[in-house]
Protein chains: 2
Amino acid sequence: MSASEQTNWQSVHDEVLRRIHTREWKPGDQIPKEVELAEQLGCARATVNRALRELAAEGFLDRRRKAGTRVATHPVRRAKLDIPVIRLEIEGRGQKYGYGLLLTERRTPTPEICANLGVSAKSDMLHISSLHLADGKPYMFEERWVSIDTVPEIVDADLSKISANEWLVLHAPYTKGDISFSAVLASELEAKILRTHAGAPLFLMERTTWENDAGITSARLLFAPGYRMHSAI
Amino acid sequence: MSASEQTNWQSVHDEVLRRIHTREWKPGDQIPKEVELAEQLGCARATVNRALRELAAEGFLDRRRKAGTRVATHPVRRAKLDIPVIRLEIEGRGQKYGYGLLLTERRTPTPEICANLGVSAKSDMLHISSLHLADGKPYMFEERWVSIDTVPEIVDADLSKISANEWLVLHAPYTKGDISFSAVLASELEAKILRTHAGAPLFLMERTTWENDAGITSARLLFAPGYRMHSAI
DNA sequence: TAGTGGTCTAGACCACGGT
DNA sequence: CCGTGGTCTAGACCACTAA
C-alpha cells in the first residue's frame with residue numbers, strides 16, 4: 001500500500017482490484033472517496049480518478065456523484081469481441097484465405113431485409129452471395145444486401161476480387177451497427193455450399209449497419225460446423 | 001471548428017469521428033498531433049489526449065509515439081457483450097425468472113473438465129445441473145463443475161435457492177476467464193430438459209474461470225431454441 | 001444544499017521508437 | 001537523437017444527486 005514506489009494510475013487500478021479480489025472490499029461496500037484514496041496512495045486525485053473510471057468501465061465499480069463509489073454487487077462481465085475483417089481473422093491464425101463470389105444481382109429487397117434496414121420495399125439494392133475459405137475449406141457463407149441508394153459506389157466495385165465486407169470497411173464507414181448471434185440448422189443449399197449435410201448446426205452472425213439512420217448493409221454470415229467464437233472475460 | 005463553444009473531450013471525440021466519417025481524414029491518414037489539435041479546437045492537450053485515447057480504444061485510431069496518430073485502416077469493430085447474471089438478464093426483459101436445481105454430486109471430474117480448468121484428475125469437485133426458466137418456459141440448461149479445492153465454501157451453499165452462477169459471482173471473484181460461443185445439436189436428454197426435440201440447433205456458451213491459475217469453475221450453458229445474443233457495434 | 005464524482009487547465013517530465 | 005504520445009500534478013470549477 002503505502003510502501004509502493006510507483007504511483008501511476010495502473011498501480012492504483014491494480015491495488016483497488018486486489019482489494020476487491022481479496023474481499024477486503026466486498027460487493028456493495030462503499031470505498032474511500034477519491035481524495036482519501038489519493039492521500040492513502042500518495043498521488044493526485046486525477047490519477048485515482050483515472051483508475052477508478054477504468055474500473056467502473058470494466059464493471060467492477062459503480063460510481064455516482066454524491067453517493068460515492070461502491071463495489072459492484074453484480075459484476076456484469078463485459079466480453080470484448082473483436083470483429084475483424086474475415087480475411088484478417090483467418091490469416092491471423094496462419095491459415096490461407098480464399099474467397100469466392102457466388103452471385104451478385106441488383107434487385108429490390110425481401111420484406112425481411114427492408115425491416116432490418118428500415119428502408120422502403122422499392123429500394124435499389126445489391127444482393128451478394130459469397131464464400132470465404134480457410135486453407136481451401138469452406139469457412140463462412142455470406143449473404144449480404146447493400147443499399148445502392150446509400151452507397152452508390154458499390155456498383156463499380158469489383159466484388160470478385162475484394163469481399164463486400166472488406167470493400168465496405170474501406171469505403172462506407174458506419175455510425176451505428178447491430179450484431180446478433182444464434183444457432184440454426186443448415187438448409188439443403190447452405191449445406192451444399194459449406195460442404196456439410198442438411199441439418200448440421202451452424203453458428204449464425206447477423207450484422208446490420210447504418211450511416212445516420214440510412215441503412216447501408218444487412219448481412220447473414222453462416223459459419224461452417226465446428227466454428228467457435230471466443231474471448232477473454 | 002473554431003466557432004464551437006463547448007470544448008470538452010466529448011466534443012473533440014465527436015468532431016474527430018465526424019472528420020473520419022466524412023472521409024476528410026481517410027483510413028491510413030495521419031491526423032494533426034495533439035498540440036496542434038488542441039490549438040485548433042481551443043482546449044488543453046490533456047483534453048485532446050482523452051478524446052483520442054478513447055477513439056483509439058474504440059478502434060478508430062492507431063496511435064504510436066513519435067509516429068503520431070493515424071486513422072485505422074482496418075477498423076476492428078469491438079462488440080461489447082454484457083454477460084450479466086442470467087436472472088438479471090431475464091428480469092431485465094420483464095419476464096419472470098424461474099430456477100430449478102436438477103442434480104448436485106460431489107465427484108472427480110471428467111477428463112474434458114480437467115483439461116479446461118487445468119486441474120488434476122483426482123480433484124474434488126462439485127457437479128451441478130440446473131435449469132433456468134423465463135416466464136415458466138425453459139430458457140437455459142446449465143451444467144457446471146466447481147472446484148472444491150479452490151472454493152471450499154461452495155459445499156455449504158444452498159444451491160436449490162440460489163444458482164451456482166449467482167453464488168459464485170458473490171463469493172468467488174475471478175481474475176481470469178474464457179468464454180466461447182458455438183452451435184450444437186440437442187441430444188435426447190438436453191431436448192427433454194429444454195422441452196424441444198433432439199436435433200434442434202442450440203446456442204452454446206462455455207465459460208471457464210480462474211483465480212490466479214487456480215481453476216474455479218467450468219460451465220456449459222445451453223440455450224433453448226430461438227435464443228439470440230445481440231449487441232451494438 | 002452540500003458532498004461527491006466529472007472534467008478542464010497549464011505545465012512538467014517520461015518513455016517509446018522512428019530516423 | 002529527439003519528436004510524439006503517455007502520464008502526473010495541483011488547483012479549479014462544474015454537474016449531478018442524496019439527504
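Residue numbering restarts at 1 for every chain, and letters A, B, ... go by the order of the sequence lines.
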- Arg70(A) with Asp62(A): basic N within carboxylate O range, under 4.0 Å: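 Here Arg70(A) does not pair with Asp62(A) in a salt bridge, since their nearest N and O are not under 4.0 Å apart.
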- Item | Glu142(B) with Arg220(B): basic N within carboxylate O range, under 4.0 Å |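 No, Glu142(B) and Arg220(B) are not salt-bridged.
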Gap between atoms [atom1] and [atom2], on [X] and [N] respectively (whole Å):
X        : N       : atom1 : atom2 : answer
Lys66(B) : dG17(C) : NZ    : P     : 13 Å
Trp9(A)  : dC14(C) : CH2   : P     : 20 Å
Asp62(B) : dT4(D)  : CG    : P     : 17 Å
Ile31(A) : dG5(C)  : CD1   : C1'   : 12 Å
Glu54(A) : dC8(D)  : CD    : P     : 11 Å
Arg70(B) : dT4(D)  : CZ    : C1'   : 13 Å
Leu61(B) : dT4(D)  : CG    : C1'   : 15 Å
Asn49(B) : dA12(C) : CG    : C1'   : 14 Å

Phosphate OP1/OP2 of [N]: any [X] side-chain N/O under 4.0 Å:
X        : N      : result
Arg63(A) : dT4(C) : no
Asn8(B)  : dT7(C) : no
Thr69(A) : dG5(C) : yes
Thr47(B) : dT9(C) : yes

Whether [X] and [Y] hold their rings parallel, tilted or perpendicular, with breakpoints at 30° and 60°:
X         : Y         : answer
Trp167(A) : His171(A) : parallel
Phe223(A) : Phe203(A) : perpendicular
His132(A) : Tyr97(A)  : tilted

Residue [X], side-chain heavy atoms: nucleotide from [options] that is nearest:
X        : options                 : value
Arg65(B) : dT9(C), dG5(D), dA10(D) : dG5(D)
Lys33(A) : dT9(D), dT4(D), dG5(C)  : dG5(C)
Arg50(A) : dT7(D), dG3(D), dT17(D) : dT7(D)
Arg64(A) : dG6(D), dC8(D), dA18(D) : dA18(D)

- Contact class for Ala67(A) (heavy atom, under 4.0 Å): base, sugar-phosphate, or nothing?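 Result for Ala67(A) = sugar-phosphate.
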- Message: Both Ala46(A) and Gly68(B) contact DNA chain D. Taking the nearest nucleotide for each, which residue is further toward the 5' end?
- Response: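 Counting from the 5' end, the first nearest nucleotide belongs to Gly68(B).
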- Is any N or O donor-acceptor pair between the side chain of Arg45(A) and the base of dT4(C) shorter than 3.5 Å?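 No.
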